[in-house]
Amino acid sequence: SLKIFLFPSRKVFKAILFLNFMEEKFFIAKITYDLIDDNTGKLKKIKEEKLVRGYSVTDVEAKVTKAFKDFSHEWRITSVFESKIDEVIN
């Protein structure tokens with residue numbers, strides 16, 4: 001079906017048109033945050049990897065930031081790179 005949208009500028013139209021032709025890929029986003037160890041009282045670095053579907057590194061960073069917006073610890077993205085995974089089968 002054909003959908004018609006009105007855009008405020010040609011740049012917005014080009015950006016949306018470009019995204020429609022791009023294919024989403026899987027990326028690995030590495031997140032690090034500090035947590036106080038209950039037993040020792042020392043800071044412990046926690047490192048996690050997230051599999052994120054997105055169009056680009058910038059897109060993935062935005063998605064991770066949105067997902068972690070209410071996270072109670074101070075966190076940071078340490079790296080984002082394209083995954084070799086090309087499909088997730090449920």
Side-chain angles (χ1 to χ4, degrees):
S1 68
L2 179 63
K3 294 180 182 176
I4 298 174
F5 298 98
L6 296 176
F7 299 101
S9 72
R10 287 185 180 194
K11 286 183 181 179
V12 172
F13 175 74
K14 286 180 183 178
I16 291 173
L17 189 60
F18 180 69
L19 285 176
N20 284 337
F21 286 109
M22 289 179 62
E23 189 175 323
E24 277 190 310
K25 303 173 191 172
F26 291 100
F27 291 83
I28 302 292
K30 292 188 177 186
I31 288 68
T32 303
Y33 58 93
D34 296 329
L35 190 64
I36 296 177
D37 189 318
D38 291 336
N39 297 327
T40 64
K42 294 182 181 181
L43 274 181
K44 184 177 180 181
K45 257 191 207 322
I46 307 297
K47 297 179 180 181
E48 297 181 358
E49 291 185 357
K50 305 296 181 187
L51 182 64
V52 184
R53 181 181 289 176
Y55 294 103
S56 66
V57 170
T58 305
D59 183 38
V60 169
E61 288 173 342
K63 287 181 178 184
V64 170
T65 300
K66 184 177 180 182
F68 275 74
K69 70 177 179 172
D70 295 326
F71 193 63
S72 60
H73 302 285
E74 193 170 316
W75 60 275
R76 62 199 161 279
I77 299 172
T78 55
S79 71
V80 177
F81 57 91
E82 192 174 334
S83 171
K84 292 181 181 179
I85 295 171
D86 62 355
E87 182 180 6
V88 175
I89 300 171
N90 291 329

Check: K47 main-chain N/O paired with K30 side-chain donor or acceptor under 3.5 Å: no
Under the side-chain contact (heavy atoms from CB on, under 4.5 Å) test, residues paired with S56 that sit two or more places apart: T58, D59
Cluster overlap I31 with V57, hydrophobic side-chain contacts below 4.5 Å: yes
Distance-minimising heavy-atom pair for E48 and K50: OE1-NZ, 3.0 Å
Shared hydrophobic cluster, I28 / I77 (ILVMFWY, side-chain heavy atoms < 4.5 Å): no
Heavy-atom pair with the smallest gap, counting every atom of F26 and R53: CZ-NH2, 3.2 Å
Same apolar cluster (I L V M F W Y, side chains within < 4.5 Å links), V64/I46: yes
F81: partners by ring-ring contact (aromatic ring centres under 6.0 Å, His included), with sequence neighbours left out: none
Smallest separation among heavy atoms of D37 and T40, with atom names: CB-OG1, 3.3 Å
Charged N-O contact under 4.0 Å between D34 and K45: yes
Partners passing salt bridge (Lys or Arg N to Asp or Glu O under 4.0 Å) against E74 (at least two apart in sequence or in another chain): none
Residues that, via side-chain heavy atoms closer than 4.5 angstrom, fall in one hydrophobic cluster with I36: L43
F68: partners by ring-ring contact (aromatic ring centres under 6.0 Å, His included), with sequence neighbours left out: F71, W75
With sequence neighbours excluded, residues passing salt bridge (Lys or Arg N to Asp or Glu O under 4.0 Å) with E82: K25
